[in-house]
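Structure record follows, encoded as C-alpha cells.
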Amino acid sequence: MAGPISTRTSSRHPLSVPQSSSVQSPQSSQLAIRAANPLFPCVKLSKARAVVAAAMEVSKASLGLANRQPSKDVLETWRNADAVCFDVDSTVCLDEGIDELADFCGAGQAVAEWTAKAMTGTVPFEEALSARISLIKPSLSQVEDCLEKRPPRISPGIADLIKKLKANNTEVFLVSGGFRQMIKPVAFELGIPTENIRANQLLFGTSGESAGFDPTEPTSQSGGKAVAVQQIRQDRGYKTVIMIGDGATDLEARQPGGAVLFICYAGVQMREAVAAKADWTVFDFQELIAELP
C-alpha cells in the first residue's frame, strides 16, 4: 500500500482503551490507524477496543438467545463454506456509510430515521434509499471530501477474520445497500477485489452534481441482497454461501439458491428481531475466527 501508516486518535472518538472481547457500543471511543491512499482513504482500527456500555452488557445477558451457541451443523457449514458475504455498514464498518455522508452534507437526522426504518424492515428498502438520496443530494466533490475527512472505520477483528477465511480458500464478498464509492476504500483496506463488491452506485451529472442512483442494481430494491447472493452463488458455482450482517436485509439473503446460513453480527447494532431469526448470533468476530480450522 502506498504511503506510511500513522497512528491517530479519531476526532469523533477521542478516548482509546485496551482491547476487550465484549460487545462494543457504537458510541464508544476508538483508537484508529489510518492507512494512507490517495484515492481511497480508510481507517483500520487497531487492537484497542472501546469501553463496554453497561446497558449493552445487560441487554446481551438478558436476551437469552438460543443461537448464541451454534449447532454442530451450523459449525460444519461455517468451516466448509465456499464463500462468505459480509454486509458493510454496522458490520464490516462501525458506521452506517449513508448516515455519515448525510451528516457531512447537513441532512443527518432525517436520513438516520430512514436508515433505521430500512434496517428494521418497516419500509421497503427502495423507498428508504430514494428518500435518503433525495434528502442528501450528494455531489461528487462532497462524496470525495467526506471520504477524505471521515474515512470509514473498520470494525475490530474483521481484518483478522477475512485473512483467516482467505487462508482457508474461502472467497469473501461485500454485499451492501450502501454505495460503491464509499465501499471501495474498505475493500482496498481489507484486500477484497472490487469485483467482489455488490452495492449501489451513486450517479453524477457532467458538473459533478447529484443525479440520484442506479436503479438497476439489485441492492437498490427490497430483497436485493438475496438476489445479489443468489447471483454470486450461481455465477461462481458455489454450493455453500454464508451471509453475515446485522439487518433485516441481510437476513433476507438466507433463502433457496442464496445463503444457506445467516450469521447475525450484533457487535455494533443489536437488532433483536433479526438476531432471533439468525442461525448464529455473535458479538465479536473472534467468535467466528475461533471456530475456523
Side-chain angles (χ1 to χ4, degrees), residues 10 12-13 23-30 32 41-45 50 53 56 85-138 142-143 145-147 149-156 158 174-187 189-190 197-202 213 217 219-220 222 224-225 243-253 264-275:
S10 167
R12 287 176 288 157
H13 301 268
V23 61
Q24 174 181 319
S25 168
Q27 286 77 35
S28 300
S29 306
Q30 300 291 334
C42 189
V43 169
K44 177 180 179 181
L45 296 181
M56 290 293 287
C85 298
F86 287 93
D87 173 41
V88 176
D89 298 330
S90 296
T91 299
V92 170
C93 292
L94 292 170
D95 307 298
E96 292 285 336
I98 194 168
D99 290 353
E100 286 293 300
L101 179 61
D103 185 63
F104 185 80
C105 296
Q109 183 59 41
V111 168
E113 292 173 0
W114 277 102
T115 297
K117 293 177 183 178
M119 291 302 99
T120 55
T122 56
V123 298
F125 184 82
E126 60 269 25
E127 179 183 341
L129 181 61
S130 180
R132 288 178 289 178
I133 293 304
S134 295
L135 287 165
I136 305 171
K137 294 184 175 64
Q142 284 177 314
V143 173
D145 287 348
C146 181
L147 285 171
K149 296 174 182 178
R150 298 188 185 185
R153 300 184 302 147
I154 306 297
S155 292
I158 188 63
L174 299 179
V175 180
S176 174
F179 298 102
R180 292 176 184 270
Q181 289 91 339
M182 304 190 75
I183 294 172
K184 283 182 178 179
V186 178
E189 177 67 23
L190 297 174
I197 297 174
R198 303 292 187 274
N200 293 309
Q201 183 80 19
L202 286 169
F213 60 92
E217 290 281 1
T219 51
S220 70
S222 292
K225 287 186 179 180
M243 182 74 202
I244 299 178
D246 70 296
T249 58
D250 305 309
L251 174 61
E252 290 174 347
C264 177
Y265 174 68
V268 177
Q269 293 288 339
M270 177 60 195
R271 309 184 199 278
E272 296 185 24
V274 175

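This one's a predicted model, so the numbers in the text were calculated from it and none came from an experiment. These numbers come from the heavy atoms of this one structure, side chains and all, not from hydrogens, waters or symmetry mates.
Put simply, the side chain of T122 gets close to the backbone of K117: a donor and an acceptor are under 3.5 Å apart. A donor-acceptor contact shorter than 3.5 Å is absent between the side chain of K149 and the backbone of C146. Formation of a donor-acceptor pair under 3.5 Å by the N200 side chain with backbone atoms of G177 is found in this model. Here the side chain of S90 pairs no donor or acceptor atom with the backbone of V268 at under 3.5 angstrom. Side-chain atoms of E126 come within 3.5 Å of backbone atoms of S222 as a donor-acceptor pair (strictly under, hydrogens ignored). The main-chain N or O of E100 is never found under 3.5 Å from a side-chain atom of D103 such that the two would form a donor-acceptor pair.
Checking R198 against T219 by side-chain atom types alone, no donor-acceptor pair falls below 3.5 Å.
Rounding to the nearest 0.5 Å places OG of S176 at 11.0 Å from CD of E217. To the nearest 0.5 angstrom, I158 atom CD1 is 8.0 Å from Y265 atom OH. The CG atom of L129 lies 11.0 Å from the CD atom of E127; values are rounded to the nearest 0.5 Å. Here the CD1 atom belonging to I197 is positioned 6.5 Å from the CD1 atom belonging to I183, to the nearest 0.5 angstrom. Taking SG from C93 and CZ from F86, the interatomic distance works out to 12.0 Å, rounded to the nearest 0.5 Å. Rounded to the nearest 0.5 angstrom, D246 CG and D87 CG are separated by 5.0 Å.
Of all heavy-atom pairs between L202 and Q181, the closest is O-NE2, 3.0 Å. Taking every heavy atom of both residues into account, R180 and A199 meet most closely at NE-O, 3.3 Å. Shortest non-hydrogen contact noted between G178 and D89 is CA-OD2, 4.4 Å. Taking each heavy atom of W114 and A131 in turn, the nearest pair found is CE2-CB, 3.6 Å. Across M243 and V175, no two heavy atoms sit closer than the pair CE-O, 4.1 Å.
The residues R150 and D95 are annotated as not salt-bridged, no charged nitrogen and carboxylate oxygen being separated by less than 4.0 angstrom.
No side-chain heavy atom of V274 sits under 4.5 Å from any side-chain heavy atom of D250. Within the 4.5 Å cutoff, the side chain of M182 has no heavy atoms near those of the I98 side chain.
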